Each structure stands twice: as C-alpha cells, then as structure tokens.
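FYI, the numbering just counts along the sequence from 1. Only a predicted model underlies this, so the values are computations on that prediction, with no experimental measurement involved. Atoms considered below: every heavy atom in the structure, side chains included; atoms not considered: hydrogens, waters and symmetry mates. Indexing begins at 1, ligand by ligand and atom by atom, following the structure's order.
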Amino acid sequence: MRILLIDDDPFTLKLLGRQLSNLGHMVVAHEQAGEALPRLERNEEVFDAVMCDLRMPEMDGIEFVRHLARIGFTGGLVLVSGEDARILQTSERLAREHGLYVLGALRKPVAPDALQRVMDQQRPRHARPRASASAPLTTAELDRAIAEDRLECHYQPKVSVNSGAVTGVETLARLRQADGTLIYPDRFITTAEEHGLINTLTRAVFAAALPQARLWRDAGLDLHVAVNVSMDDLDDLAFPEYVVREAERAGVPLTSLVLEVTESRLSKNPLLPLDILSRLRLKQVGLSIDDFGTGYSTMTQLRDLPFNELKVDRGFVHSACRDASLCAIFEASLGMARQLGMRSVSEGVEDAADWLFLRASGCDLAQGYYIARPMPAAEVANWVELWAARLPELMGSGT
Ligand code: C2E
Ligand code: MG
Ligand code: MG
C-alpha cells in the first residue's frame, strides 16, 4: 500500500516508516499535518492509507481527521498516539462518526505485530441490510400504510448465552412498499410518536405478533414474544386491559409476553407510565428497559419503573471486548441488572468476538446479527433448526 505517514517526532517518523517498509509498504512521511494535507487535497497521488499521530504542535490529529472527512478521503486511517487509551478511543470513534474508514488505533511504541494486524485488514464488505437515513415518512404516508395493511412484523431471536437455547423473539415493525421494498422503523417511529399515530401502530403490531406467538406455541415452539412500546403508548390507563384482552383472545399466556420500553423523549406525566407498567407487571407481563444507557433509558428509569429485564444498548456491546471504556460500562450495566434481580440482554452481538465476550460475561440473553437478523415469521422455525446445528461450534470452549 501507499501510505501517508504523519508524526511530529522525527524519531517515531523514521521508526514507523521503517516498520511499514519492512511490511512491504511505500511510505511518504511528513512531520506536519499542515504539509501533508495539501498533497491529499491536490488529489494528484493516490494514498491507500493515512497514518497519523494525534498530538502534534500545529495541526493536531483530530483537526487533521476533520479535514480528511471534509475532502472525502476514502482510504484507510490509522491513528497513532502515546496518549492514554481513552483519547485514542474517542478519536477513533470520532473518525468513524465522520464516515472515515478507520483501520485501527495504535499506541506508541507501536509493536510490529500490532502494526501488521492493522495494515493487513481487508476492507469490510459493508453488510448493512439497507441504505440508511432516508427521509422520514409523512403522517399521510404512514396512515395509508397502516390502513392498507402494509405493516409487516419481523422477528429477531434472543438466545440464552449459557445454554444457547432460543428463549424468544423480538417483534420489529416494517412497512412494505408498493415496489416490494421495506421501510425500517428509523423512518416511521418518530413520525408516529410525534403525530399521535403510535397507538395505532402499536395495536397493529400486537394484532400481528400475538396470533403469531400462538402459532409458534401450537407448533411446539415455546417462545417469549417481545413487542416494542413507546412511552407515548403508556399514557392511556386502559392500556393494561387492552394488552390482557388481546393476549387472552390470542391464547397467549401473559408470562410469555414482554414489552420493551424505549423512552425517546421524557413523558409528560410520569405517573401514568408508572401506574400502567406496574399494573402490567402485576399481571406478570415482562417489562424490558430497552437501549439501556442511551437517551432517557437511564438509571432514573431503572429506579422508578418496575422492569424485570434490562437490554444493554448495542453501543455498549459490540466491540466491548476491544474497548476498555465500553467494557466498563457494559459490566456495570450487567452488575446493576444482577443486583436488581433483572434478566440481562445484550443487543448488537455482531461477530464471534462479541459472542465470546458475552460467553464470559455472565449476561443472560444475547441478540444480534451474529445470532440472527430479524426475519419474517415464516422463517423462524427453520432458523431454529439451523441454530441448533450451529450450536456445538458456538458453545465449544476452545473456539
Ligand atoms: P430496538 O428495539 O433496540 O431493536 C433493535 C434494533 O437493532 C432493530 O432495528 C434490529 O434490527 C437492530 N439490530 C439487531 N441486531 C443488530 C446487530 O447485531 N447490529 C446492529 N447494528 N443492529 C442490530 P430496527 O428493526 O431498525 O428497529 C429500530 C428501533 O425501532 C427499535 O430498536 C425500536 O426501538 C424501534 N421499533 C421497532 N419496531 C417498533 C414497534 O413496533 N414499535 C415501536 N414503538 N418501536 C419500534
Ligand atoms: Mg427493542
Ligand atoms: Mg434496543
């Protein structure tokens, strides 16, 4: 690879330059980011990667990273620093947030094998299932989609970390478009919440998920079924009766129903959710605090509301094994769940490293792409069989 190397310390510059050459790379070195930047801006030469120190006297690494984002640099980025690990981590996260392709962050002195590992990385095939961030739906569009019965529920399995057993599924709403493609919740939940359509949506989800839960039970699959509810659903004192009635009608025991509560904004009248959730809990409906650690999903909620399940947000799960700060927050969340007698769930288990980390963590349940993506109801039974076949390898100690 052709690499642009920047470090204000001549000794480090020379040392890293030599290490990179030894790995077979072509290196162009600069002591100042302000000198290196124009080379990239002129766009006359191609650099596959930039390796940059963080603390530099004139333009520092963070400022340089901002410029890289501005000029749309598409090569790899490696951050190097003698600073403490947290600065390196936050800078790495910042670079990713800027949309840069970060190969890694290395602490000085840079060990040759760590350098090789970072440089050998292949560009990941971006496995995102969809193009992100399109415009939110308008109320009219959402209204029409629900009226035309184009709401479609997908289900994502949750498994026991300890035994691998499939314990349940989470219901995730999608809207089917006329052209057959799906619209994901990031484009319609906020619209629904802001325009008083969330109750309609929630009821449509219950109307799909509960009969489906019954079908699974009839087929011998004893799955908990979780439904996401918004805080705005919890402003109607009749909500518990509604849930009980619908579950009874579908023939689903309340003990196998879980409501995952996310609070995207503060509720106007905090006594209502407390009343409603307490009564649901009395009726033995499971209550899960979703996305724990983000937004308003905090310790205050944990103190005030009768949750019996805590879902650690995926932002603290994925990569926690490689990031001391994430790991600390993750473990503190698990500790809280344990001391409060709550079941813990980790979402965002994306790869084998996440799974192995969880296996050693004492977390109860796991959910994420590594286990299964959300899928149509019809695929669940088949997936359960595939999962059983994968299990011996996943539960093995040495792997
Ligand atoms: P959530 O309840 O935290 O659901 C998990 C989200 O993470 C889902 O996104 C799921 O597809 C995604 N996910 C699962 N595993 C992984 C993984 O390993 N890596 C990554 N990066 N993502 C993973 P989805 O389906 O787009 O839903 C987004 C959010 O929309 C949900 O977050 C939930 O808060 C909300 N939502 C979905 N359906 C409903 C609903 O029926 N009612 C309400 N009120 N909210 C809903
Ligand atoms: Mg959820
Ligand atoms: Mg979540």
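- The atom name of the N/O/S atom in E260 closest to the Mg ion (ligand 2) is OE1.
- Residues D179 and T181 bring a donor and an acceptor atom of their side chains to less than 3.5 Å of each other.
- With ligand atoms numbered from 1 in the order given, ligand 1 contributes 41 (O) to contacts under 4.0 Å with heavy atoms of V205.
- Residue contact annotation: E347 places no N/O/S atom under 2.8 Å from the Mg ion (ligand 2).
- Remark: ligand 1 atoms within the under-4.0 Å shell around heavy atoms of E347 are 3 (O).
- The closest approach of E170 to the Mg ion (ligand 2), by N/O/S atoms, is made by OE2.
- Atom numbering of ligand 1 starts at 1 in the shown order; those under 4.0 Å from a heavy atom of G348 are 17 (C), 18 (O).
- Residue G368 has at least one heavy-atom neighbour below 4.0 Å for each of these atoms of ligand 1: 15 (N), 18 (O).
- Residue R174 places a heavy atom under 4.0 Å from ligand 1.
- The ligand atoms of ligand 1 that sit less than 4.0 angstrom from a heavy atom of S230 are 44 (N).
- Between the side chains of S288 and E309, at least one donor N or O sits under 3.5 Å from an acceptor N or O.
- Atom numbering of ligand 1 starts at 1 in the shown order; those under 4.0 Å from a heavy atom of I189 are 39 (C), 42 (N), 43 (C), 45 (N), 46 (C).
- Of the candidates Q367, H154, Q156, Q156 brings a heavy atom nearest to atom 15 (N) of ligand 1.
- A cation-pi contact, defined as under 6.0 Å to the ring centre and within 45° of the axis, is absent between R249 and F206.
- Centroid-to-centroid, the aromatic rings of W216 and Y155 come within less than 6.0 Å.
- If you number the atoms of ligand 1 from 1 as listed, the ones under 4.0 Å from a heavy atom of D291 come out as 3 (O).
- Using a 4.5 Å cut-off on side-chain heavy atoms (C-beta onward), K158 and K311 make contact.
- Between Y370 and ligand 1, not a single N/O pair is under 3.5 Å apart.
- With a 4.5 Å cut-off on side-chain heavy atoms, M231 and Q301 count as touching.
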**Prompt:** What do the steps show when you test E152 against R174 for salt bridge (Lys or Arg N to Asp or Glu O under 4.0 Å), and what is the final call?
**Reply:** CA-CA 5 Å; E152 197 172 305; R174 280 96 179 80; over 6 Å; no

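- Residue contacts with ligand 1 for R373 are absent, since no atom lies close enough (heavy atoms, distance under 4.0 Å).
- Using a 4.5 Å heavy-atom threshold, the side chains of D9 and D53 count as separate.
- The shell of residues lying under 4.0 angstrom from ligand 1, judged by heavy atoms, excludes T202.
- Looking at heavy atoms from C-beta onward, K108 lies in side-chain contact with D7 at the 4.5 angstrom threshold.
- Only side-chain heavy atoms of E170 come within less than 4.0 Å of ligand 1; its backbone N, CA, C and O stay farther off.
- Note: an N/O pair closer than 3.5 Å links A173 and ligand 1 by distance alone.
- Between F330 and F357, the ring planes are tilted. Angles from 30° to 60° get that label.
- In this structure, D186 does not count as a contact residue of ligand 1, since none of its heavy atoms falls inside 4.0 Å of the ligand.
- Figure legend: R245 and Y242 shown without cation-pi pairing, the cationic atom not lying both under 6.0 angstrom from the six-membered ring centre and within 45 degrees of its axis.
- Between the side chain of T191 and the backbone N or O of L137, at least one donor-acceptor pair lies under 3.5 Å.
- Rounded to 10 degrees, the OD1-metal-OD2 angle spanning N228 and D290 at the Mg ion (ligand 2) equals 90°.
- Each of L334, L365, L358, V161 was scored for a side-chain contact (heavy atoms from CB on, under 4.5 Å) with S344, with one residue passing: L334.
- Checking only distances, T171 never comes within under 3.5 Å of ligand 1, N or O to N or O.
- Heavy atoms of K311 found under 4.0 angstrom from ligand 1: none, in either backbone or side chain.
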